[in-house]
Amino acid sequence: MEPMKIEILKKKKLRGDMIEVLYRFYGEDISLAVLKGALPLSGMLTEAQIKQAIYYLAGAEKRYIHLELNKNDYMSSLIWLTPKGINLVEGDIEDAGVTTDE
């Protein structure tokens, strides 16, 4: 498989993993640090990768998640799943850019 395709698959999987972790915490606001720690291979993730995934998932067209930005400490920012994000995890809607296991 081409390296570019592998990178795209990794990004889709990271987005899906993030949505699934937030689903487990649904009803609670968690920090990005908690989210990162709950992700598979969290020690290998960079802040840039997390930001890219959040930008995709919280974008104007998606709005699967909501982020309350902490300007003093990015990883202390609070994040939670929106009702549209719940629909994504539960399979009511699909997104070609997100791969989930649920």
Side-chain angles (χ1 to χ4, degrees):
M1 189 177 286
E2 294 177 39
M4 184 65 163
K5 287 185 179 179
I6 292 171
E7 284 305 309
I8 290 170
L9 291 174
K10 286 180 183 178
K11 287 179 181 185
K12 290 179 179 184
K13 181 67 174 130
L14 174 58
R15 294 174 196 144
D17 289 346
M18 289 174 75
I19 289 286
E20 289 170 344
V21 167
L22 291 170
Y23 185 70
R24 289 195 303 265
F25 284 98
Y26 189 63
E28 297 180 55
D29 304 347
I30 63 170
S31 70
L32 290 180
V34 170
L35 173 64
K36 181 181 178 191
L39 290 169
L41 303 174
S42 64
M44 300 184 72
L45 293 173
T46 66
E47 195 171 303
Q49 290 170 310
I50 292 171
K51 283 182 179 180
Q52 288 174 350
I54 289 170
Y55 186 77
Y56 181 91
L57 296 169
E61 297 294 318
K62 310 293 181 187
R63 298 196 192 268
Y64 301 131
I65 60 173
H66 182 80
L67 178 72
E68 284 293 322
L69 187 62
N70 179 333
K71 294 180 182 182
N72 296 322
D73 180 9
Y74 183 73
M75 293 306 285
S76 292
S77 299
L78 296 178
I79 189 169
W80 60 88
L81 203 56
T82 66
K84 191 172 178 183
I86 293 291
N87 290 339
L88 179 65
V89 174
E90 293 179 348
D92 298 330
I93 58 175
E94 292 184 13
D95 186 314
V98 179
T99 303
T100 60
D101 294 330
E102 297 283 314

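- Considering every non-hydrogen atom in both Glu28 and Trp80, the closest pair reads O-CB, 4.0 Å.
- The NZ atom of Lys10 sits 13.5 Å away from atom NZ of Lys13, with the distance rounded to the nearest 0.5 Å.
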- Task: Check the pair Met18 / Val98 against side chain to side chain contact (heavy atoms under 4.5 Å, CB included), numbers first and verdict last.
- Result: CA-CA 10 Å; Met18 289 174 75; Val98 179; over 6 Å; no
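- Cation-pi geometry between Lys11 and Tyr56 is not satisfied (NZ or CZ under 6.0 Å from the ring centre, within 45° of the ring normal).
- A salt bridge links Lys51 to Glu47: at least one charged side-chain nitrogen sits closer than 4.0 Å to a carboxylate oxygen.
- Between His66 and Thr82, the shortest heavy-atom contact is N-CG2, 4.0 Å.
- Between Leu14 and the choices Leu39, Leu9, Thr99, Ile19, the side chain to side chain contact (heavy atoms under 4.5 Å, CB included) rule is met once, by Leu39.
- Residues Thr100 and Gly16 come closest through the heavy atom pair CG2-CA, 3.9 Å.
- Leu45 is not connected to Tyr55 by any chain of hydrophobic side-chain contacts under 4.5 Å among Ile, Leu, Val, Met, Phe, Trp and Tyr, and they are in different clusters.
- Only one option out of Arg63, Lys62, Arg15 pairs with Leu57 in a side chain to side chain contact (heavy atoms under 4.5 Å, CB included); it is Arg15.
- In this structure, OH in Tyr74 is found 7.5 Å from CD1 in Ile50, a value given to the nearest 0.5 Å.
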- Task: Starting from the C-alpha separation in whole Å, work towards a yes-or-no answer on side chain to side chain contact (heavy atoms under 4.5 Å, CB included) for Phe25 and Val34.
- Result: CA-CA 10 Å; Phe25 284 98; Val34 170; 4.2 Å; yes
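- No option in Leu78, Leu69, Asn70, Ile54 other than Ile54 meets the side chain to side chain contact (heavy atoms under 4.5 Å, CB included) test with Leu32.
- Under the 4.0 Å criterion applied to side-chain N and carboxylate O atoms, Lys12 and Asp95 are not assigned as salt-bridge partners.
- Taking every heavy atom of both residues into account, Tyr23 and Glu90 meet most closely at OH-OE2, 2.7 Å.
- Between Ser76 and Asp73, the closest heavy-atom pair is OG-OD2, 2.6 Å.
- The structure places CG of Leu81 at 11.5 Å from CZ of Arg24, a figure rounded to the nearest 0.5 Å.
- Ile65 and Met75 fall within a single hydrophobic cluster, where Ile, Leu, Val, Met, Phe, Trp and Tyr are joined by side-chain heavy atoms under 4.5 Å apart, directly or via other members.
- Interatomic distance, CD1 of Ile93 versus CG of Asn87, reported as 5.5 Å (0.5 Å rounding).
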